[in-house]
Colleague: 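Next up is a structure, given as structure tokens.
Here is the naming used below: chain letters follow the sequence lines, and residue numbers restart at 1 for every chain. Side chains are part of it too, since the values below use all heavy atoms of this structure and drop only hydrogens, waters and symmetry mates. This one's a predicted model, so the numbers in the text were calculated from it and none came from an experiment.
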Amino acid sequence: MQTAKDLKEYRAELREALDNEFLRQAMDKFAVAYRGSRAKAFAGMDLKGLIADVAQAKDGAAQRMDELLSEFTAKAEAAGVKVHVARTALEANEIIAAIAKENGVKKIVKSKSMTAEEIHLNDHLEGQGYEVTETDLGEWIIQLRHEGPTHMVMPAIHLSRNQVADLFSEVTGTKQEVDIQKLVKVARRELRRKFVEADMGISGGNFAIAETGTIALCTNEGNARLVTTLPRVHVALVGLDKLTPSINDALRVIKALPRNATGQAITSYVSWITGPGECQSSPDGKKEMHVVFLDNGRRALAKDPMFSQVLRCIRCGACANVCPVYRLVGGHQLGHIYIGAIGLILTYFYHGREKAKNLVQNCINCGACKAVCAGGIDLPKLIKEVHARIQDEEGHPLQSQLLGKVLKSRKLFHALLRSAKAVQKPITGGTPYLRHLPMIFAKDQNFRALPAIAETPFRDRFEALKPRVSSPKLRVALFSGCVQDFVYPEQAEAAVKILGKHNVDVSFPMDQSCCGLPVQMMGEREASRSVAEQNVRAFDPASCDYILTLCASCASHLKHGYPDILAGDPKLDVKVRQFADRVIDFSSFVHDVLKVQPEEFRKDGKKVTYHSPCHLCRGLHVTEAPRALMGIGGLEYIPAEEEDVCCGFGGTYSMKFPELSAELLKKKLANVEKTGAELLLTDCPGCIMQLRGGLEAKGSTVKVAHVAEALAERLK
Amino acid sequence: MSESQPLSRLFEEKAKAVSAVVSKVTSLEQALAHAVDLCDKKDACQILVSGCELPLSATGEALCETKQQKILAAPGLEPKLFAKLKELAAERGILCIDTGMRQRLGGVDIAFTVADFGIAETGTLVFDSNSEEQRLATMIAEFHLAVLPVSKIREKSFDLEEELLALLQKSPSYTAFVTGASRTADIERVLALGVHGPLELHILLLED
Ligand code: SF4
Ligand code: SF4
């Protein structure tokens, strides 16, 4: 749950979470185990196809929401169900409380429902004097602790067996052993009597199937079967997004949901309920059944061209499972009610700006969530969009406004970088790092050494470096990105050397500027759009065969971000498409296009390992080329653990959340050092800045270089 | 039979993967004998239902006292077969019931059922659970023993779409997919079986 008033308070909470040793270990174990079990669960299946099918079916259902609602209602009413539609959270709470009142209910049992959490149903019912008991073990535990969930599937994942034993000792009034199997049995007995006493059961619903008027529920514990069987009244609270046309659709989602959630092939129980059945505890022997549909913005979301895709969410929780930030701080810090990537977005729509405004900034844009989402939702993009909208509503912070203004004018930006070079002298101590940062920075940033601005930027060196080729086989326009232009020009230089050898004509359009990702990340849409346009114009894409960049983040932003950012501008439509089609990253270009051969390089067998930049492996799906290049270049590649997990750079993220950035870096470097490699290669100057700075700060002897540098150095 | 063999093998493999105990029988009579045996051998040294040996609250304890004898529940069984089961159970001093589950919410030892379908791909049993007695029995029992006729096994859930539609179109209706025992991993992600429902699921594949 979000209680922090501002970013400062939020950061204090994050630090506290980072200090929670148990949480950290539990999350680490989970992140690693989950990856394996998910891969196993989907082995041999066409996962991409399944995700695309789920996405398409869910989109279709969202577009037909009202139609499906009428169909469901007709079928369900014919079966004797009372169907309600609540426009708001409060309305849903009131409808359910009224049902309880009409039926003379006193005690209520519930099975797990995120929708009920969304509307704070327990608080409302308890406020009216009803006794409400959660019967899902995890939910019961957090209910007893008066907490919100920290995971959508495993709500009590943040707690240790010791904490649960203490809690149960309190609840039963007798000392409980710290033994998970025994604690589960205690819950079985204690909750059984709650089932016996309850006169109303509230469930959620994984599906509301229109063709039959059926509510379907997936659980592992089986508590939903008891909740829907024992009490005389059953209320199912279901988001309108759960309406689905047919059994077939439900079966498809069932194929994806448990596998993506926990790596299970199917949950232990799936219950399909059409209409109120027999109920011996009811005076007339028949159950009373209600379905309450919750709108709470869903109908409007279905019509939103950008955000309708959030309704594809099947609440599997996978986007949290793989999120490096979630792994560090857990769900209380990375969510309000809904957790993880989808939580960052839904919080804004279901719980408001105030709860979302800090949260939404805490995404490093690594793309891990998008890569596993069962509905193929472009989560990082929507997170950034929410951030931008909140800024538009609340006003932009001075810092990001300033950055936006500066970036919009390339000349001003570059002039600033050049003058920064002059003023940095006293703090570099003649080294390539900023040695003596002003105190205000140093406290947060000393986990890594920050690089100095280079003596001569790449753009000033280019004329002298430009390969003189006659009848070139390819024409390549180089996009350097700010970091290689002004901080690490030697990386771009190395690339030019290799290209020259292969008879490639290289050009460097001087009007290119920052790719715009930093301002996009900060929610400065206007500036982001403006630099994108400048770059497309600067390149005149039809005049070259490829637009090459050595920066993974630039590459994925130019290729996938630009067409999106510049969409709808008829003057740019063609150009931006041509531009994006030509963008290629260094490793792919050298490996797949130039097809470099081992004979071109001096083999020295140096031990190297690799960091796979988020924006290369997930942004561009490039995984093979750089690894193959290490072998071709005569190096001995030793894979590191978790090579594709974020290094913690994330551009401006590492300035905003230095503690988290430092933690991610620490993990990354530990994995690197475990390999015993002397050299760490990667494909992104941003990552290099982070990794090199981190190794320098801890005094490690491991060197970091761009793949291009390692290759150029070994060219025969 | 030859056609259904690979399916029953796949079913067995997948069901075992979720810790179900799978055996084979050649007749329903044999299945009945198996049920009584299982009940007889279960917890030879204690009659208490699971969890009742642990320190509980007073109200939690009260429910434990409702069970004083071994109980085998077989609601929905054909009358003739039920009579046979009852006879076999009585020989071992086991109470055999097919109604009154609400009076037994503390727990029963075994629920004996016949599944309507099986899904090989996931080791799933499909039940028409419209009868409250049947639904309750399969939840309050510590062991659920289900007979699955091999001829009723399909490869994928999608192969059952028509049958499912027929079941779900009946109104009211309650249909259940059951895969393995009731499970949780809510405390430290450690797997624990039998949180609300059966601690063990036994499946008897009936060659028909
Ligand atoms: S992009 Fe990465 S950091 Fe952001 S929410 Fe997704 S997984 Fe988490
Ligand atoms: S957004 Fe995607 S990954 Fe996250 S819970 Fe929803 S379906 Fe699962």
Colleague: Report the option among A:Val184, A:Thr214, A:Thr229 that has the most heavy-atom pairs separated by less than 4.5 Å from atoms of chain B.
Modeller: A:Thr229
Colleague: Which bit of A:Cys218 comes within less than 4.5 Å of chain B, counting heavy atoms only: side chain, backbone, both or neither?
Modeller: neither
Colleague: More than 12 heavy atoms of other residues, nucleotides or ligands under 6.0 Å from NZ of B:Lys14: yes or no?
Modeller: no
Colleague: I need the minimum non-hydrogen distance between A:Lys182 and B:Leu54, along with the two atoms involved.
Modeller: O-CD1, 3.4 Å
Colleague: Between B:Lys156 and chain A, with a heavy-atom cut-off of 4.5 Å, which part of the residue counts as in contact: side chain, backbone, both or neither?
Modeller: neither
Colleague: Checking A:Leu191 against chain B: side chain, backbone, both or neither under 4.5 Å from a heavy atom?
Modeller: side chain
Colleague: Quick one: what part of B:Ile119 sits under 4.5 Å from any heavy atom of chain A, side chain, backbone, both or neither?
Modeller: neither
Colleague: Check step by step if side chain to side chain contact (heavy atoms under 4.5 Å, CB included) holds for A:Arg225 and B:Tyr174.
Modeller: CA-CA 10 Å; A:Arg225 299 188 80 200; B:Tyr174 200 120; 4.1 Å; yes
Colleague: Picking from A:Ala78, A:Ala26, A:Ser160, which has the most non-hydrogen pairs under 4.5 angstrom with chain B?
Modeller: A:Ser160
Colleague: Let me know if B:Arg102 has heavy atoms under 4.5 Å from chain A in its side chain, its backbone, both or neither.
Modeller: side chain
Colleague: In a check of side-chain contact (heavy atoms from CB on, under 4.5 Å) between A:Thr212 and each of B:Leu167, B:Leu168, B:Leu164, which one passes?
Modeller: B:Leu168
Colleague: Relative to chain B, which segment of A:Val81 carries a heavy atom at a distance below 4.5 Å: side chain, backbone, both, or neither?
Modeller: neither
Colleague: Could you tell me which portion of A:Thr174 (side chain, backbone, both or neither) has an atom closer than 4.5 angstrom to a non-hydrogen atom of chain B?
Modeller: side chain
Colleague: Hey, does A:Phe195 have a side-chain heavy atom less than 4.5 Å from the side chain of B:Leu105?
Modeller: no
Colleague: Check for a donor-acceptor pair, side chain of A:Glu190 on one end and backbone N or O of B:Leu56 on the other, with a separation under 3.5 Å.
Modeller: no
Colleague: Measure across B:Pro55 and A:Gln176 and return the closest heavy-atom pair with its distance rounded to 0.1 Å.
Modeller: O-NE2, 2.8 Å
Colleague: Looking at B:Glu188, is its backbone amide N or carbonyl O close enough to the side chain of A:Arg161 to form a donor-acceptor pair, meaning the two atoms are under 3.5 Å apart?
Modeller: no
Colleague: Counting only heavy atoms closer than 4.5 Å, note whether B:Ala17 contacts chain A via side chain, backbone, both or neither.
Modeller: neither
Colleague: Hey, what do you get for CD1 (A:Ile141) to CG (B:Asp186), rounding to the nearest 0.5 Å?
Modeller: 6.5 Å
Colleague: Is the side chain of B:Arg135 donor-acceptor paired with the backbone N or O of A:Leu226 at a distance under 3.5 Å, no angle test?
Modeller: no
Colleague: Select one option (side chain, backbone, both, neither) describing which atoms of A:Phe168 are under 4.5 Å from chain B's heavy atoms.
Modeller: neither
Colleague: A:Ala265 and B:Thr122: which non-hydrogen atoms are nearest, and at how many Å?
Modeller: CB-CG2, 4.0 Å
Colleague: Set out, in order, the CA-CA distance, both residues' side-chain angles and the distance that settles side chain to side chain contact (heavy atoms under 4.5 Å, CB included) for B:His196 and A:Thr219, then state yes or no.
Modeller: CA-CA 11 Å; B:His196 288 297; A:Thr219 70; over 6 Å; no
Colleague: Kindly check if the number of other-residue, nucleotide or ligand heavy atoms within 6.0 Å of NZ (A:Lys286) is above 12?
Modeller: yes
Colleague: Could you give the distance from OG (B:Ser171) to NZ (A:Lys75), rounded to the nearest 0.5 Å?
Modeller: 10.5 Å
Colleague: Where does A:Lys194 contact chain B at under 4.5 Å (heavy atoms): side chain, backbone, both or neither?
Modeller: neither
Colleague: For the backbone of A:Glu221 and the side chain of B:Ser182, can you confirm whether one donor and one acceptor N or O come within less than 3.5 Å of each other?
Modeller: yes
Colleague: Flag the one option from A:Gly277, A:Ala79, A:Ser271 with the top tally of heavy-atom pairs under 4.5 Å to chain B.
Modeller: A:Ser271
Colleague: Closest heavy-atom contact between B:Pro198 and A:Tyr269?
Modeller: CD-OH, 3.4 Å
Colleague: What's the verdict on side chain to side chain contact (heavy atoms under 4.5 Å, CB included) for A:Trp272 and B:Ser173, showing C-alpha distance, side-chain angles and the deciding distance?
Modeller: CA-CA 8 Å; A:Trp272 312 78; B:Ser173 69; over 6 Å; no
Colleague: Look at A:Leu183, A:Thr267, A:Thr135 and state which one has the largest set of heavy-atom pairs under 4.5 Å with chain B.
Modeller: A:Thr135
Colleague: What part of A:Ala165 is in contact with chain B, defined as an atom under 4.5 angstrom from a non-hydrogen atom: side chain, backbone, both or neither?
Modeller: neither
Colleague: Evaluate A:Leu230 against B:Leu136 for side chain to side chain contact (heavy atoms under 4.5 Å, CB included), listing each step before the verdict.
Modeller: CA-CA 8 Å; A:Leu230 282 171; B:Leu136 284 177; 3.5 Å; yes
Colleague: Less than 4.5 Å to any heavy atom of chain A: does that hold for the side chain of B:Arg189, its backbone, both, or neither?
Modeller: side chain
Colleague: Looking only at heavy atoms, which two atoms of A:Arg188 and B:Gly194 are closest? And how far apart?
Modeller: NH1-O, 3.0 Å
Colleague: What's the shortest heavy-atom distance between A:Ile180 and B:Ile187, and which atoms?
Modeller: CD1-O, 3.7 Å
Colleague: Is the CD atom of A:Gln181 crowded by more than 12 outside heavy atoms at less than 6.0 Å?
Modeller: yes
Colleague: Below 4.5 Å from any heavy atom of chain A, which atoms of B:Leu125 appear? Answer side chain, backbone, both or neither.
Modeller: neither
Colleague: Quick check on A:Val186 against chain B: is it the side chain, the backbone, both or neither that has a heavy atom closer than 4.5 Å?
Modeller: both
Colleague: Could you tell me which portion of B:Val18 (side chain, backbone, both or neither) has an atom closer than 4.5 angstrom to a non-hydrogen atom of chain A?
Modeller: neither
Colleague: Name the option with the most non-hydrogen atom pairs under 4.5 Å to chain B; the candidates are A:Met289, A:Glu211, A:Arg193, A:Gln264.
Modeller: A:Arg193
Colleague: B:Glu132 side chain to A:Gln280 main-chain N or O, any donor-acceptor pair under 3.5 Å?
Modeller: yes
Colleague: Among A:Arg192, A:Lys287, A:Met154, which has the most heavy-atom pairs under 4.5 Å with chain B?
Modeller: A:Arg192
